[in-house]
Each structure stands twice: as C-alpha cells, then as structure tokens.
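Only this structure's heavy atoms are used, side chains among them; waters, hydrogens and symmetry mates stay out. Both ligands and their constituent atoms are indexed starting at 1 by order of listing. Numbers here simply count residues along the sequence, with the first being 1.
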Amino acid sequence: MNDRAQQLHNLRHSAAHLLAHAVLELYPETILTIGPVTDEGFFYDFLPTTTFKDEDLKKIEDKMHEIAQRNLPITQTEMSKEDAIKLFANNPYKFELITNIPDTMVGISRQGSFADLCRGGHVAHTGEIKHFKLLATSGSYWRADRSNQALQRISGTAFLTAEDLAEFEKLKEEALLYDHRKLGRQMDLFSISDFAPGFPFFHPKGRAVLNTMIAFMRDLQQKHHYQEVSTPVMLNDELWKTSGHYYFYKDNMYFAEVEGTSFAVKPMNCPGSILIFNSRPRSYRELPFRMSEFGNVVRHELSGVLHGLLRVRGFTQDDAHTYCSEAQLDDELLLIINIIKTLFARFGVDSTMKFAIATRPAKSIGTDRQWEMGTEALKKALDACGQPYTIKEGEGAFYGPKIEVGMQDSMKRSWQCSTVQVDFALPERFDVAFINTKGEREQPIMIHQALYGSMERFFGILIEHYKGAFPFWLAPVQVRILPITDAQKEYAQEIYELLRTNGFRTEIDNSGDPLSGQIKSAQGERVPLMIVIGKKEVEARTLTIRHRDGGAQESGITLDTIVPMLQKLAAQ
Ligand SMILES: [Zn+2]
Ligand SMILES: [Zn+2]
C-alpha cells in the first residue's frame, strides 16, 4: 500500500470504531462483533436490541460527528487475553475472537470510554474523521455462516478530503440513475421474484441481449475450433468427492436426494467436461482439445450479499476447458488472451478492464516446477499481448495459478469477470490421460476459462456501462417503426416483416400517440433506430430514419437499401 492508500485505510478503520462507539452510546445494550475496512469503505456487524432502520442511520451518523468533535485521542495498547476477556465480558463474539488469537497478548484500541479489540492502524484522534457517510443497513451472519447468529450490518464510507466525499456522492447519485436493477425494470429486461431469490428471470428483451452475447461468443469459439458440449445439471456426490468440491465447497452447493442417492446441482462445469474427455481413449492427435459449454451453475450465496444480476445464486458460465500438452500450453494461453481482447473490444469495455495474475497460495498442491511453468506461461501470454497486469501474490486457487479480470460497475466497484486458470490437480484426481507420440499414457494440462465469467454479471455491468443505451448490434430492440397515423399501419407491418425476417429485433409503435410522443418514448427506452413512416413514405415506398442520439433524419431510403444499411450498422 502506498502512503495515501494506507492513510485512507487507517481513516476507514478508525471510522468503523467510531460507528461502533456511536451505536453503543445510542443503544448501550448492543453487542459488537467485527468491523473491517472494505474496498468501498467499512462496515460493522452488530447484534442489536432493536432493528436498525434507514432512518436510524442519520441519528447514528449525527452521533458519530458529535463524538468526532470531542477530539478523543485514539490509543493502541496490548493486554493479556484474560484481561481482554474481562473487558468484553458478556460478548461471546469477542470471546471467540480473543480465544482464536494465537499470541498471549491482544491489541486494544481506545477512544474515551470506548474500547475495541484491534491490531491497530488508526488516525491520531477522532477529530480527524470528518468526511464520512453511512450508506446502508443489511442482514448478515456471524462468520458469514447462515447457521450462526443473524446480525445487522451498518456500512459506510469515509474519505480523506471533502472533495473526495463529494465526488463519491455525485457518482453514487448518478449510479442510482443507471443502476442495472432500476434500468432492468424500466427496460423490461429481467426481474427477480421472492419465489427464487438470486435466480433472475429474463424477459424477452433481456433474453435477446443474452442470446446475442452467446451468439458472439459461440462464433468466436467456432473460429478457434472449440467444440461445444453440454453436461448434466445434477451429478452424483461421488463425483464431487473425486473433484474435491464436496470437501472444499460443500457449503455453497445444493443437494437433492433421488431414489436414496444424493446428487448435487453443479456449482461448476469442470467435472462434467472431464467425464466427456474420459469417455473414450484420447490420442495426442486430438490435442489441444478445446471443449466449450454454456453451463448453468448454482452456488449458494447469503441472501444479504445478493445484488441484482451482479451477485446471484444461479448463473450461466461461458465455460471452456482446454486439454493440452506442456508444449502446447504457451500457445493455448496466448490464444485465450487474444479471444478476451477481441471480446472486450467488441463491447467497448477494454479500457476499464483490470488484469491480474494470482499466484501460489500458502496451501497448495502440485510441484514447484508445475507452479512455475503455469505462472510463467500466464505472464508470457499477457506480455505477448502487451496487456498490463498486477500480481496478486498468493491469491491463486490451491490447484493452480490464474488470470483474473475485474470490471467496474457504475459505482466503480470491481467485480470479477474473466478467469483463466492453469490446473494440475483435476487431471490428476480424475486420472485424465492421452496417448502420446511414444504410445504412452500422459497427463494433459487442463486450462479452465470463463471469459464473460458469469453471463448474468457481465450483462448487469453492461447495462450500467452503456447506461441502458446498448449499441445497435446488442440492443434488446434495435428498430422501432413509428407510423404517423393508422393509415400507415399496413406498410409498417410490411417493413416489420422484412426486418424480422432479416434477423433484426424490431417493434411497431401501436400506441396511436402523435409522432412526437412516439419518438419520446423510443428515446426513453433507448431504442437505437427509429423508422418513421407517413403518407409520403407510403406513396413513394420509402422510409425515414432517426437515430437515438439525434442528428439529422435521413429520408427517401428504399426497401432494398434498408437491410444492407442495418447490417452495416450491426457490424460496427
Ligand atoms: Zn482499530
Ligand atoms: Zn473449469
């Protein structure tokens, strides 16, 4: 962390203490748990005696300002675990935290009469915490485990300067306007029902966008000789025991018993892909074998963290697995990075994507040589494409290093999308092999890739990125036909059929509203292209077009030229 990042961290950490301090002054019976710093600010989880409502945030925020103005020095000391347990008497959470600390001494921070368990890193006194805001209350669980005590979280943010806070608030205001959940409703793209929290329903227009995204990816994959498969949605527990998911990932999986046997709904597509690879002997001639799947996976997420399309429980991965030899690894990774770059360029999001390589964690399997080879190959591929990246030291999966790509939503929060992972473990666990040139069994390397990542998440971020105004090729409705009066309805229908037959997502405005109203409504729904037809157009068998973003109308366009014209637009 650089100095400023460290300062901001200390400030937000101190603001979390200040929040807890204020809550205790207002609601003395509240039990404190933990209050960490996050990417966006900080939060504190409480076991309160009352349910915090949004109105209470203002009151708590005012109390925080009041305590801040007392200018209390913030001190950091150490005490024995026994004394700390006495200090937090009747708090089972702090008790659990203290007993889990390996040292004999624990850190305590104090400001006035308030004390908290803490490793330090503060501003000097409460008066330095000036520019902050409480943002939300939500539900959470102790240690994020829903079988534990339900808690209440208050989250907020703090900045070093008033300008930074003002900019954050401005961004937030704008982001609210373009929040994908709001636009999704307005544009009739998707909905989420209480009957299926975390499992979105895609309406015709939302499905149209997703289908276009899938078609684009499928096309890219076909160009590069991927072979598409599909694998079952539920698979026997024994398979998940072999893959290791049953031991490492069970809490996030959904199980169902069928005729006395337990099956899990797949949280990942990888084992299914391996079963296809292993379904018959494979020769080196088949390698690299690129197997792709648009696979629906289900992963349990706490209800408190579900967030529109960005964090869901059921989603589609544009998943693919490449089985290759060591000698083919570099070329395969280079190919994948090139596909990622083509993908991002098509959506116009290339400049906002942040690449990172996550390296070997403390607990891992595989040999030093394998890790080195995998990590070096990932670096080489990014370097060869001139793609800048950061290193996330020790953040790889236990079975191999990976590339992670983060994309930002309208609040500049980062969400993971693409991942490319080199895997030595699953081929070993499933005894995957091919017959090499010497006629011997050899274990291939497996590369996992999901380039949109979660299609739902990518779609959600695109809605915010475009502020609902999708480019022509991707728009849920590409063309709306606006007949000036009912007399043009028949001709409107003819144009509609022509465009639909040629694959353009087209609608006719049947509202009977005056033209100005029809234009306003098409612009409001961000339809990229309007076709206006009046008496003159019917007589001449031409049409007039208007673009979403204004500019001059183009009239006198004939029925022969409109289709090639739209095709050209869709290729842009
Ligand atoms: Zn602290
Ligand atoms: Zn995989």
Side-chain angles (χ1 to χ4, degrees), residues 6 9-21 32-37 42-44 72-79 84 87-88 94 97 101 106-112 114-126 128-129 158 226 229-231 235 239-240 242-245 248-249 266-277 289-297 299 315-324 332 336 396-404 418-427 429-430 432 444-454:
Q6 186 65 55
H9 190 276
N10 290 353
L11 176 75
R12 288 175 169 178
H13 170 79
S14 307
H17 285 309
L18 183 62
L19 164 60
H21 189 167
L32 305 183
T33 71
I34 54 162
V37 172
F42 59 89
F43 68 77
Y44 213 108
L72 304 169
I74 304 175
T75 58
Q76 177 71 18
T77 52
E78 294 228 309
M79 66 165 65
L87 179 64
F88 298 106
K94 296 290 184 195
L97 293 170
I101 294 172
V106 297
I108 301 291
S109 86
R110 290 180 191 275
Q111 54 199 44
F114 174 84
D116 207 346
L117 184 67
C118 165
R119 274 184 236 117
H122 303 114
V123 297
H125 53 83
T126 57
E128 285 184 44
I129 315 166
Y226 283 76
V229 298
S230 56
T231 64
L235 296 132
L239 181 87
W240 303 108
T242 306
S243 70
H245 290 95
F248 295 109
Y249 206 66
K266 63 175 171 182
M268 292 180 191
N269 305 299
C270 336
S273 158
I274 292 178
L275 291 189
I276 293 182
F277 191 90
F289 190 138
R290 308 183 187 121
M291 202 192 298
S292 61
E293 173 172 21
F294 293 92
N296 290 307
V297 295
R299 298 178 187 174
F315 57 98
T316 312
Q317 285 182 310
D318 60 315
D319 214 349
H321 295 96
T322 300
Y323 301 82
C324 67
E332 287 307 303
I336 295 168
F398 69 94
Y399 51 85
K402 61 179 169 180
I403 291 174
E404 285 176 357
S418 319
T419 53
V420 181
Q421 194 146 0
V422 179
D423 181 2
F424 321 112
L426 282 184
R429 281 173 172 265
F430 281 92
V432 182
I445 295 175
M446 188 174 180
I447 307 170
H448 305 257
Q449 56 187 296
L451 305 190
Y452 287 121
S454 149

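For the pair SG of Cys270 and NE2 of His321, the angle at the Zn ion (ligand 2) is about 110°; rounding is to 10 degrees.
Ion pairing between Asp116 and Arg110 fails under the 4.0 Å rule for side-chain N and carboxylate O.
Nearest to the Zn ion (ligand 2), among the N, O or S atoms that His448 has, is ND1. When distances from the Zn ion (ligand 1) to the N, O or S atoms of His122 are compared, NE2 comes out shortest. Residue-level check: among N/O/S atoms of His17, NE2 sits closest to the Zn ion (ligand 1).
For His17 and His21, the gap between ring centers reaches or exceeds 6.0 Å. Residues Phe277 and Phe289 place their aromatic rings such that the two centres sit under 6.0 Å apart.
Within the 4.5 Å cutoff, side-chain heavy atoms of Cys270 are placed close to those of Met446.
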